[in-house]
Amino acid sequence: MMAKWSEIEKKQFSEVLVEWYEREKRELPWRENTEAYRVWVSEIMLQQTQVDTVIPYFERFMSLFPTMKDFAYAPEEQILKAWEGLGYYSRVRNLQTAIREVTEAYDGVVPQSKEAILSLKGVGPYTAGAILSIAYNQPEAAVDGNVYRVYSRLMRIDDDISKAKTRKVFEQAVNETISQDKPGAFNQALMDLGATICTPKNPKCDMCPVQKYCRAYAENDIEKYPFKSKKLKTKQKYLVTAIIQSNDGRFLVQQRPSEGLLANLWMFPSIEEEKPVEDLVESYQAGVSMPLYLNNQSLGKVKHVFSHLKWDVEIITGVMDEADLIEGYRLVTLEEMKVLPFPVPYQKVWQLYLKTRSEL
DNA sequence: AAGCCGGGGGC
DNA sequence: GCCCCAGGCTT
Ligand code: SF4
């Protein structure tokens, strides 16, 4: 049984980890420089999102909005389009709210105090710590999923990471070991270690630069860490959507409500039920209060899995008279549709529509 | 404290 | 299928 971490050991661990990072760090677009705006955008994108997914979005975002000024007052349609497919769309709306706040209340400079930065919309304890350490060289912990995993193993911490108060335990553990002169490198080293070596399944302990400090490795019980009690369950929903064209060939679309799932994104008008829909045309017509001429045959089905629910989407087609268009809907050309942000399940719907149409 | 909020990748 | 991912907000 190895002893509790000594002060000397903490110091050594920190130095070894930072040296490893400086030797082996991943070259990533947001690591080209430490401008606070770039760090901020990357940290928001990386919330619950893997590095490889983020890279192209980050590149595109930065070329669209090179400075906070470019982003602060861009139209919502444009910022959602830049986020299209990335998920958790409130992130980009909160980011714009926060960057407006920085523009108006902080003279365009991302604040350096923990209290101020934490008050910004969408910036929680993790993101605050990441920005302060990486952009401003402050020794602040940034506790995320990687830190839970790496530290629970290093120190055999068995607190339940599902519980809110557990974050404090890990913040203290990091604070006791964080590099005082290179906190940004230290925190990013933990990310790289968690992503490439100390992975959820089959950690590569043989290649681990801090293996000699690791208590779980020494005790051979890595699989016990981290401990997480709750698992989430998903609900099933049944949708019917329709590709509906007006006499001039435009397509019927609708903006989603400003709150809730996929807020403010666009879709093909849809109905949602708890159970499989029996008569697609009858139910759909009952749910959309415009006269429609619907084809009584399903184009096919699209399945989509969210974190907390599953969609089963039946697709039908139809036509309408443009004179019958009511408030809340739009008839758009293909060019107009391209500019609107659509969630992935509706992109799947559109792809299926194009495929079946090309087969005619 | 628990639920909500996307989408993709690994196994 | 399941779990995880550079989490935060709302209730
Ligand atoms: S020795 Fe293994 S379990 Fe411990 S920190 Fe390194 S990779 Fe993770």
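Each chain gets a letter, A, B and so on, in the order its sequence line appears, and its residues count up from 1. The shown structure was predicted, so the numbers you read here are calculated from the model rather than taken from an experiment.
- Checked against dA1(B), dC5(B), dG8(C), the side chain of Pro125(A) finds its nearest nucleotide in dG8(C).
- The nearest whole Å value for the distance from the CZ atom in Arg91(A) to the P atom in dC4(B) is 19 Å.
- Side chain of Gln50(A), nearest nucleotide from dC5(C), dA1(B), dC5(B): dC5(C).
- The residue among Lys348(A) and Lys230(A) whose nearest nucleotide of DNA chain B is located toward the 5' end is Lys230(A).
- Lys165(A) and Asp159(A) are not joined by a salt bridge, as no carboxylate oxygen comes within less than 4.0 angstrom of a charged side-chain nitrogen.
- Within 4.0 Å (heavy atoms only), Leu86(A) reaches at least one base atom of the nucleic acid.
- Side-chain proximity of Val51(A) to the nucleotides dT10(C), dG7(B), dA6(C) is greatest for dA6(C).
- Regarding Lys233(A), its NZ atom lies at a distance of 12 Å from the P atom of dA2(B), rounded to whole Å.
- In the set dC9(C), dC4(C), dG8(B), dC4(C) carries the atom at the smallest distance from any side-chain atom of Pro200(A).
- Among the heavy atoms of the strands lying under 4.0 Å from Arg31(A) is at least one base atom, whether or not backbone atoms are also near.
- Picking from dG7(C), dG6(B), dC5(B) the nucleotide with the shortest atom distance to the side chain of His308(A) gives dC5(B).
- Among the nucleotides dG7(B), dA6(C), dA1(B), the one closest to the side chain of Tyr126(A) is dA6(C).
- Here Trp311(A) lies out of heavy-atom contact (under 4.0 Å) with every strand.
- Around CG of Asp181(A), the count of heavy atoms belonging to other residues, nucleotides or ligands within 6.0 Å exceeds 12.
- When heavy atoms are screened at a 4.0 angstrom cut-off, Arg93(A) is found touching no nucleic acid atom at all.
- The number of heavy atoms from other shown groups lying within 6.0 Å of CD1 (Ile8(A)) does not exceed 12.
- Here the nucleotide nearest the side chain of Arg149(A), chosen from dG8(C), dA6(C), dC5(C), is dC5(C).
- In this structure, Lys201(A) places its NZ atom 8 Å from C1' of dC2(C), rounding to the nearest Å.
- Counting any heavy atom pair closer than 4.0 Å across all strands shown, Ala130(A) reaches no nucleic acid atom.
- Crowding of Asp52(A) atom CG: a count of heavy atoms from other residues, nucleotides or ligands under 6.0 Å not exceeding 12.
- dA1(B) is paired with dT11(C) under the criterion used here, namely a Watson-Crick or G-U wobble arrangement in which both key atom distances are under 3.5 Å.
- Looking at heavy-atom distances under 4.0 Å, Lys235(A) makes contact with sugar-phosphate atoms alone, never a base.
- As a whole-Å value, the separation of Phe58(A) CZ from dA6(C) C1' is 13 Å.
- The side chain of Ser307(A) sits closest to dC5(B) out of dA1(B), dG7(C), dC5(B).
- Between Tyr89(A) and dG7(B), a side-chain N or O to OP1/OP2 separation shorter than 4.0 Å is present.
- Side-chain contact between Lys114(A) and Gln138(A): absent, with no pair of heavy atoms (C-beta onward) separated by less than 4.5 Å.
- As rounded to the nearest Å, dA6(C) and dG3(B) have P atoms that lie 24 Å from one another.
- A salt bridge is defined here as a Lys NZ or Arg NE, NH1 or NH2 lying under 4.0 Å from an Asp or Glu carboxylate O, and Arg215(A) with Glu9(A) meets this definition.
- A straight line from CE of Met191(A) to C1' of dG7(C) spans 11 Å, rounded to a whole angstrom.
- With rounding to whole Å, Gln47(A) atom CD is found 11 Å from dC9(C) atom C1'.
- For His304(A), a side-chain nitrogen or oxygen approaches OP1 or OP2 of dG7(B) to under 4.0 Å.
- For a distance-only test at 3.5 Å, the side chain of Thr49(A) fails to qualify as a donor-acceptor partner of the base of dG8(B).
- Contacts of Gly194(A) with the nucleic acid, taken as non-hydrogen atoms under 4.0 Å apart, are absent.
- As judged by a 4.0 angstrom heavy-atom cut-off over every strand, Lys228(A) is placed among residues touching the sugar-phosphate backbone only.
- Between Glu43(A) and Lys121(A), the residue anchored nearer the 5' end of DNA chain C, judged by the nucleotide with its closest heavy atom, is Glu43(A).
- Map Leu120(A) and Pro226(A) each onto its nearest nucleotide of DNA chain C; the residue landing nearer the 5' end is Pro226(A).
- Look at the P atom in both dG8(B) and dG8(C): the space between them is 22 Å, to the nearest Å.
- Each of Asn202(A) and Leu265(A) lies near DNA chain B, and the nucleotide nearest Leu265(A) is the one positioned closer to the 5' end.
- Spacing between atom CD of Gln48(A) and atom C1' of dC9(C) amounts to 13 Å, rounded to whole angstrom units.
- Ring geometry for Phe71(A) against Phe61(A) counts as tilted: the plane angle lies between 30° and 60°, on a 0 to 90° scale.
- Atoms NZ (Lys165(A)) and P (dA1(B)) sit 7 Å apart, rounded to a whole Å.
- Distance alone, capped at 3.5 Å, places no donor-acceptor pair between the Glu76(A) side chain and the Arg93(A) backbone.
- In this structure, Thr127(A) reaches the sugar-phosphate backbone alone: every heavy-atom distance under 4.0 Å involves primed, P, OP1 or OP2 atoms, never a base.
- Which of dG8(C), dG6(B), dA6(C) sits closest to the side chain of Leu28(A) comes down to dA6(C).
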